Amino acid sequence: MVDQFTVETQGQGLLEITGPVQSAVGKAKIVEGLCTVFVRHTSASLVIQENADPSAKRDLERWLNRLVPEGDPFYEHDAEGPDDMPGHIKAALTATSVSIPVSGGRLALGTWQGIYLWEHRRRGSRREVVLHIGT
């Protein structure tokens, strides 16, 4: 089964999408299998990360912004602004897809894990997420 949904982002940062992904897994009525989540953009990414303590999310966001700063004179690609090339680099360093086993009809995530869309642009955007859920 292939499904998709749209995420409205409000700017840079991690936005948890575990709920809509789990909902799609439930609709698929698959007891055991695999759910692949894919984001259809070059300046956003996906990560599975801590979902209990918000300070972990803030630390990750600050760390990646420090690693890939805006305004580096090395960047040539800035057609859409100073966060354009840093957004592409951040997406290249993380992932555009993640795969999660399905067990008992549910995502087999750990107790403290959530699926996050990571928006790398300062402006908000409509991000398309595509799911493949199969046995």
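Here the structure is a predicted model, which means the values were calculated and not measured.
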Decide if atom [atom1] of [X] counts as having more than 12 heavy atoms of other residues, nucleotides or ligands within a radius under 6.0 Å.
{"X": "Arg62", "atom1": "CZ", "value": "yes"}
{"X": "Arg123", "atom1": "CZ", "value": "yes"}
{"X": "Glu8", "atom1": "CD", "value": "yes"}
{"X": "Gln10", "atom1": "CD", "value": "no"}

Interatomic distance, [X] atom [atom1] to [Y] atom [atom2] [nearest 0.5 angstrom]:
{"X": "Gln113", "Y": "Asn51", "atom1": "CD", "atom2": "CG", "answer": "8.5 Å"}
{"X": "Thr9", "Y": "Arg126", "atom1": "OG1", "atom2": "CZ", "answer": "10.5 Å"}
{"X": "Asp84", "Y": "Glu76", "atom1": "CG", "atom2": "CD", "answer": "12.0 Å"}
{"X": "Lys90", "Y": "Leu64", "atom1": "NZ", "atom2": "CG", "answer": "5.0 Å"}
{"X": "Thr6", "Y": "Arg40", "atom1": "OG1", "atom2": "CZ", "answer": "9.5 Å"}
{"X": "Thr111", "Y": "Leu109", "atom1": "OG1", "atom2": "CG", "answer": "10.0 Å"}

Do you reckon [X] sits in the same ILVMFWY cluster as [Y], going by side-chain contacts under 4.5 Å, direct or chained?
{"X": "Leu14", "Y": "Ile115", "result": "no"}
{"X": "Val37", "Y": "Trp118", "result": "no"}
{"X": "Leu60", "Y": "Leu15", "result": "no"}
{"X": "Ile89", "Y": "Leu117", "result": "no"}
{"X": "Val98", "Y": "Val102", "result": "yes"}

Gln12 vs Glu61 side-chain heavy atoms within contact, under 4.5 Å: no

Heavy-atom donor-acceptor pair, His88 side chain to Thr42 backbone, under 3.5 Å: yes

Donor-acceptor under 3.5 Å (Arg121 side chain, Glu80 main chain): yes

Pair Glu128-His41, side-chain contact (heavy atoms from CB on, under 4.5 Å): steps then yes or no: CA-CA 8 Å; Glu128 296 174 9; His41 301 277; 4.0 Å; yes

Please report the closest heavy-atom contact between [X] and [Y], naming both atoms and the distance.
{"X": "Ser103", "Y": "Ala108", "answer": "CB-CB, 4.3 Å"}
{"X": "Glu50", "Y": "Ala56", "answer": "CG-CB, 3.6 Å"}
{"X": "Phe38", "Y": "Ser97", "answer": "CD1-CB, 4.0 Å"}
{"X": "Val39", "Y": "Leu46", "answer": "N-CD1, 3.7 Å"}
{"X": "Ser45", "Y": "His120", "answer": "OG-NE2, 2.8 Å"}
{"X": "Gln49", "Y": "Tyr116", "answer": "O-CE1, 3.7 Å"}

Report, one line per pair, each donor and acceptor closer than 3.5 Å where one atom sits in a side chain of residues 21-36; sequence neighbours left out.
residue : atom : partner : partner atom : Å
Gln22   : OE1  : Leu107  : N            : 2.8
Gln22   : NE2  : Gly105  : O            : 3.4
Thr36   : OG1  : Ser99   : OG           : 3.0

